[in-house]
Enquirer: 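Below you will find the structure I want to go over with you.
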Amino acid sequence: MNSEERSLNFIEQIVETDIQNKKNKGLVYTRFPPEPNGYLHIGHAKSIVLNFGVAQKYGGKTNLRFDDTNPVTEDTEYVDSIQEDIKWLGAEWVGEARYASDYFEQLYQWAEKIILDGKAYVDDQSAEIISQQKGTPTQPGTESPYRSRSVEENLDLFRRMRAGEFKNGVKVLRAKIDMASPNMHMRDPIMYRILHAHHHRTRDQWCIYPMYDYAHGQSDYIEGITHSLCTLEFEVHRPLYDWFLEQIYTQETVRPRQIEFARLNLNYTVMSKRKLLELVNKKLVNGWDDPRMPTITGLRRRGYTPEAIRTFADRIGIARRDNIIDVGLLEFSIREDLNKKATRVMAVLDPIKLVIDNYPNGKEEWLETENNPEDESAGKRKIPFGRELFIERDDFMENPPKKYFRLSPGNEVRLKSAYIIKCVNVEKDENGVIKLIHCTYDEESRSGSGTEASKRKVKGTLHWVSAQHAIDAEVRLYDRLFNDPDPAGHKDVDFKEFLNPDSLTILKNCKLEPMLANAKAGEGFQFQRLGYFSVDKDSMPNNLLFNKTVGLKDAWAKEMVKE
RNA sequence: UGACCCAUGGUGUAAUGGUAGCACUUCAGAUUUUGGUUCUGUCAGUUAAGGUUCGAAUCCUUAUGGGUCAACCA
């Protein structure tokens, strides 16, 4: 509905211009280049939707490429999870997944060529010295004493680096560019370092590894990537990206171009892999797939759908200015999707017993109810009704405020898809806590019976579950993980200080309609009047586990806040 | 204190020299056997000052504010 009128984002505009100008023969080829050192999060989803979306829109293709040039932090666990998450999101990369490590030999050969061209040299200095010589953003650097080594010596040393003759950190290969450049990244950046480490794919084949700046652009080039999209912090790397490409570029091939866009920030959460890893390692959450995590796997376990995440990514747009998206927009997107799809069921999370005094003892009825009022094709089902029911504790008040139109003494409400009942009195325990609500029902008022009484309008409608038929379940409620809108944005306070102690609430005594006994892991439902809930992966038929995905909009709660 | 980038309602994002629009949010109302959904209405914006132009959110200058850059990480 909006696609025909939607204006182009700035990257699409660039792509269209390039196509018109027949740049790269009019091809569009993008890539999604995660480093396998962590799980994908919602920020990656933005990048995935962008990269795959742009290519698809213009008849192009997208590669998945693992940027695996640092064996110390990378692992196949991440390689697997990343592929699973991308597939789940519905993106399809062309052919097999690629790896920067597939190109190590080519990268090495090009490095020798650059040495031969006199544009790279082996430096014997320590990391500290090299760092000192880099200067600062306001002061130029100084040149390394090894900068003017002969080509022959450089080549010999570089080959011996590869051969494993040196220990970690003893030597590096540096590009010979400009130590006085105002751009720090151009001050003779390191191309290769020595790392005697086991790589998850190349195993012990290499003991020198290329740095990101050298590997990334060349990998783009090898794959024929036309538009290399990345986040804003790589902007200052672009001159270097171009410089490395310039060393090996030949006219007849595709010339990749790096374009930066603003990364996604969500309020009340953190989005850096480092911080997410810290939460996992310190067991402040229950793993990468904890439903409170902004990871793809966490959102999936929480009950988010790929469609909702994609629409969200679409809604937030692509631009070059820093942004902080309100999590409310993410929540809106999942509600919108689930509202169309989720079967409505009866579930009472905080049960209180109710007895209908004038309903025959031992009688049961199976009443018809619609599965989804938003989707007639979803059909109908029967739910059991009886003399004793559970309703939500919140749905009864002995002394209600004026606008309360749920159950209270002397007041009438409709039980959804069942009868109109009236509260006659309550029983309390010695502490004054209500333990049983006595009601009478209007026998003529059964939903759908067509009688005058069934058409009566009452203010409130409650969800309920038959006590005799109810099944038990554990339900996990989630709130935002952090109490602060920008937990990582405080210079003097660690982000973990803002963790919300109430981000997880476990409810053990929930009562569900019997049909839910067969619910399968990952399946999502709307618990009538409460919100959307999804079956946890650890759920068992005799130990049902639900995760709250998101609550329904709650006008009553809002009203109460105003008081 | 250098280089580079950015600046449109509360939050995002359009308008590509010619009527500042859309979404979320806010608020109000209608409908409703979910205080949901849907529908209608509503509040609210071009950082500032100069300049160019018949006309500037858009081009230029300056200021202000924000961001990025000094890993043998990506």
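Naming convention: chains lettered A, B, ... in sequence-line order (proteins, then strands); numbering from 1 in each chain.
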Enquirer: A:Met211 side chain: which of B:A14, B:C72, B:G12 is closest?
Expert: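 The listed nucleotide nearest to A:Met211's side chain is B:C72.
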Enquirer: According to the salt bridge (charged side-chain N to carboxylate O under 4.0 Å, His left out) rule, which pairs have a member within residues 128-146 of chain A, sequence neighbours left out?
Expert: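 Output for this query lists A:Glu143-A:Arg147.
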Enquirer: List in chain and number order the residues that pass salt bridge (Lys or Arg N to Asp or Glu O under 4.0 Å) with A:Arg414, two or more places apart in sequence or in another chain; answer none if no residue qualifies.
Expert: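 Expected list: none.
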Enquirer: Hey, is the side chain of A:Arg414 pairing donor to acceptor with the base of B:U33 inside 3.5 Å?
Expert: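 Side chain to base: pair found, below 3.5 Å.
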Enquirer: Show, in sequence, the C-alpha distance, side-chain angles and deciding distance for A:Tyr221 and A:Phe244, and conclude whether the ring pair (Phe, Tyr, Trp, His ring centres under 6.0 Å) test is met.
Expert: CA-CA 10 Å; A:Tyr221 182 72; A:Phe244 279 129; over 10 Å; no
Enquirer: How would you label the contact of A:Leu462 with the nucleic acid (heavy atoms, under 4.0 Å): base, sugar-phosphate, or nothing?
Expert: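 A:Leu462: no heavy atom of the nucleic acid under 4.0 Å.
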Enquirer: On the nucleotide B:G35, are OP1 or OP2 found under 4.0 Å from the side-chain N or O atoms that A:Arg529 carries?
Expert: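 Checking A:Arg529 against B:G35: at least one side-chain N or O falls below 4.0 Å of OP1 or OP2.
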Enquirer: With sequence neighbours excluded, what pairs up with A:His463 under the ring pair (Phe, Tyr, Trp, His ring centres under 6.0 Å) test?
Expert: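 Residues passing ring pair (Phe, Tyr, Trp, His ring centres under 6.0 Å) with A:His463: none at all.
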Enquirer: Taking atom P of B:U25 as reference, at what distance in whole Å does atom CD1 of A:Ile325 sit?
Expert: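 Nearest whole value for this atom pair: 14 Å.
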Enquirer: A:His199 and ring pair (Phe, Tyr, Trp, His ring centres under 6.0 Å): which single residue from A:Phe104, A:Tyr99, A:Trp206 fits?
Expert: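 It is A:Phe104; the other options fail the test.
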Enquirer: Tell me whether A:Asp124 is salt-bridged to A:Arg149, with the criterion being a basic N under 4.0 Å from an acidic carboxylate O.
Expert: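 Looking at A:Asp124 and A:Arg149, the cut-off is met.
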Enquirer: Answer with base, sugar-phosphate or nothing: what part of the nucleic acid does A:Tyr209 contact at a heavy-atom distance below 4.0 Å?
Expert: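 Nothing: the residue A:Tyr209, judged by heavy atoms under 4.0 Å, touches no strand.
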Enquirer: Output one line per pair: protein atom, nucleotide atom from nucleotides 36-38 of chain B, and distance, for all N/O pairs under 3.5 Å.
Expert:
{"from": "B:G36", "atom 1": "N2", "to": "A:Glu374", "atom 2": "OE2", "distance (Å)": "2.7"}
{"from": "B:U37", "atom 1": "O2'", "to": "A:Asn339", "atom 2": "ND2", "distance (Å)": "3.2"}
{"from": "B:U37", "atom 1": "O2'", "to": "A:Glu374", "atom 2": "OE1", "distance (Å)": "2.9"}
{"from": "B:U37", "atom 1": "O2'", "to": "A:Glu374", "atom 2": "OE2", "distance (Å)": "3.3"}

Enquirer: Whole angstroms only, please: what is the CZ-C1' distance between A:Arg315 and B:G12?
Expert: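 From A:Arg315 CZ to B:G12 C1': 12 Å.
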Enquirer: Check this one for me: any side-chain N or O of A:Thr69 less than 4.0 Å away from OP1 or OP2 of B:A74?
Expert: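 A:Thr69 to B:A74 OP1/OP2: side-chain N or O found under 4.0 Å.
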Enquirer: Could you say whether A:Ile316 or A:Phe527 is positioned toward the 5' end of RNA chain B, judged by the nucleotide with the nearest heavy atom to each?
Expert: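 Whichever sits nearer the 5' end wins; that is A:Ile316.
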Enquirer: Run the salt bridge (Lys or Arg N to Asp or Glu O under 4.0 Å) test against A:Glu307 and tell me which residues pass, sequence neighbours left out.
Expert: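 Residues passing salt bridge (Lys or Arg N to Asp or Glu O under 4.0 Å) with A:Glu307: A:Lys341.
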Enquirer: Taking only side-chain N and O atoms of A:Lys558, does any of them lie within less than 4.0 angstrom of OP1 or OP2 on B:U26?
Expert: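 For B:U26, OP1/OP2 do have a side-chain N/O of A:Lys558 under 4.0 Å.
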Enquirer: Name the pairs: protein N/O against N/O of nucleotides 56-60 of chain B, kept only if under 3.5 Å.
Expert:
none

Enquirer: Residues in salt bridge (Lys or Arg N to Asp or Glu O under 4.0 Å) with A:Arg162, at least two apart?
Expert: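 Once residues adjacent in sequence are excluded, the partners of A:Arg162 under the salt bridge (Lys or Arg N to Asp or Glu O under 4.0 Å) criterion are A:Glu105.
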Enquirer: Heavy atoms only, 4.0 Å cut-off, all strands: where does A:Glu235 land among base, sugar-phosphate and nothing?
Expert: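 Contact class for A:Glu235: sugar-phosphate only.
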Enquirer: With sequence neighbours excluded, tell me which residues meet ring pair (Phe, Tyr, Trp, His ring centres under 6.0 Å) with A:Trp243.
Expert: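 None.
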Enquirer: How many whole angstroms separate atom CG of A:Asp188 from atom P of B:A70?
Expert: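 Those two atoms, CG and P, are 16 Å apart.
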Enquirer: With pairs taken as Watson-Crick or G-U wobble and both distances under 3.5 angstrom, which stems of at least three consecutive pairs involve RNA chain B?
Expert: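 B:2-7 with B:64-69, B:10-13 with B:21-24, B:27-30 with B:38-41, B:47-51 with B:59-63 - these are the stems of 3 or more pairs that involve RNA chain B.
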Enquirer: Considering only NZ, NE, NH1 and NH2 on the basic side and carboxylate oxygens on the acidic side, decide whether A:Glu235 and A:Arg320 come within less than 4.0 Å.
Expert: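 So A:Glu235 pairs with A:Arg320 through a salt bridge.
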Enquirer: Could I get the full list of side chain to side chain donor-acceptor pair (under 3.5 Å) partners for A:Arg193, not counting sequence neighbours?
Expert: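 Not a single residue meets the side chain to side chain donor-acceptor pair (under 3.5 Å) criterion with A:Arg193.
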Enquirer: Figure out the CZ/P separation between A:Arg238 and B:C5, and round it to whole Å.
Expert: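 That distance rounds to 8 Å.
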Enquirer: At under 4.0 Å, does any side-chain N or O of A:Arg193 touch on OP1 or OP2 of B:C73?
Expert: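 Checking A:Arg193 against B:C73: at least one side-chain N or O falls below 4.0 Å of OP1 or OP2.
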Enquirer: Please pick, from B:U68, B:U33, B:A70, the nucleotide with the shortest atom-to-atom distance to any side-chain atom of A:Ser447.
Expert: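 Among the listed nucleotides, the one closest to the side chain of A:Ser447 is B:U33.
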Enquirer: Starting from the 5' end of RNA chain B, give me the residue, A:Asp68 or A:Ala262, whose nearest nucleotide shows up first.
Expert: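 Checking each residue's closest nucleotide, the 5'-ward one belongs to A:Ala262.
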Enquirer: Which nucleotide sits closest to the side chain of A:Asn9: B:A14, B:C69, B:A74?
Expert: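 Nearest nucleotide to the side chain: B:A14.
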Enquirer: Applying salt bridge (Lys or Arg N to Asp or Glu O under 4.0 Å), name anything that partners A:Glu16, two or more places apart in sequence or on another chain.
Expert: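 If we apply the salt bridge (Lys or Arg N to Asp or Glu O under 4.0 Å) test to A:Glu16, skipping adjacent residues, there are no hits.
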Enquirer: Just compare B:A23, B:G35, B:A14 and give me whichever is closest to any side-chain atom of A:Arg321.
Expert: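 The nucleotide sitting nearest to the side chain is B:A14.
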Enquirer: B:U8 P sits how many Å from A:Asp322 CG, rounded?
Expert: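 Rounded to whole Å, this separation is 11 Å.
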Enquirer: Kindly say whether, by distance alone, the side chain of A:His185 makes a donor-acceptor pair under 3.5 Å with the base of B:A3?
Expert: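 In this structure, the two groups form no donor-acceptor pair.
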Enquirer: Once you apply a heavy-atom cut-off of 4.0 Å, does A:Asp67 come out as touching a base, just sugar-phosphate, or nothing?
Expert: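 Counting heavy atoms under 4.0 Å across all strands, the contact made by A:Asp67 is with sugar-phosphate only.
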Enquirer: Is A:Lys403 near enough to B:G35 that one of its side-chain N or O atoms lies under 4.0 angstrom from OP1 or OP2?
Expert: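 No.
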Enquirer: So what does A:Phe234 touch, heavy atoms closer than 4.0 Å: a base, only the sugar-phosphate, or nothing?
Expert: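 Touches a base.
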Enquirer: Restricting to ring pair (Phe, Tyr, Trp, His ring centres under 6.0 Å), what partner residues turn up for A:Phe312, sequence neighbours left out?
Expert: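 With neighbours one apart ignored, the set is empty.
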Enquirer: Does B:A71 have its OP1 or OP2 closer than 4.0 Å to a side-chain nitrogen or oxygen of A:Ser131?
Expert: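 For B:A71, OP1 or OP2 has a side-chain N or O of A:Ser131 closer than 4.0 Å.
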Enquirer: Nearest of B:U34, B:G35, B:A74 to any side-chain atom of A:Tyr404?
Expert: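 Nearest listed nucleotide: B:G35.
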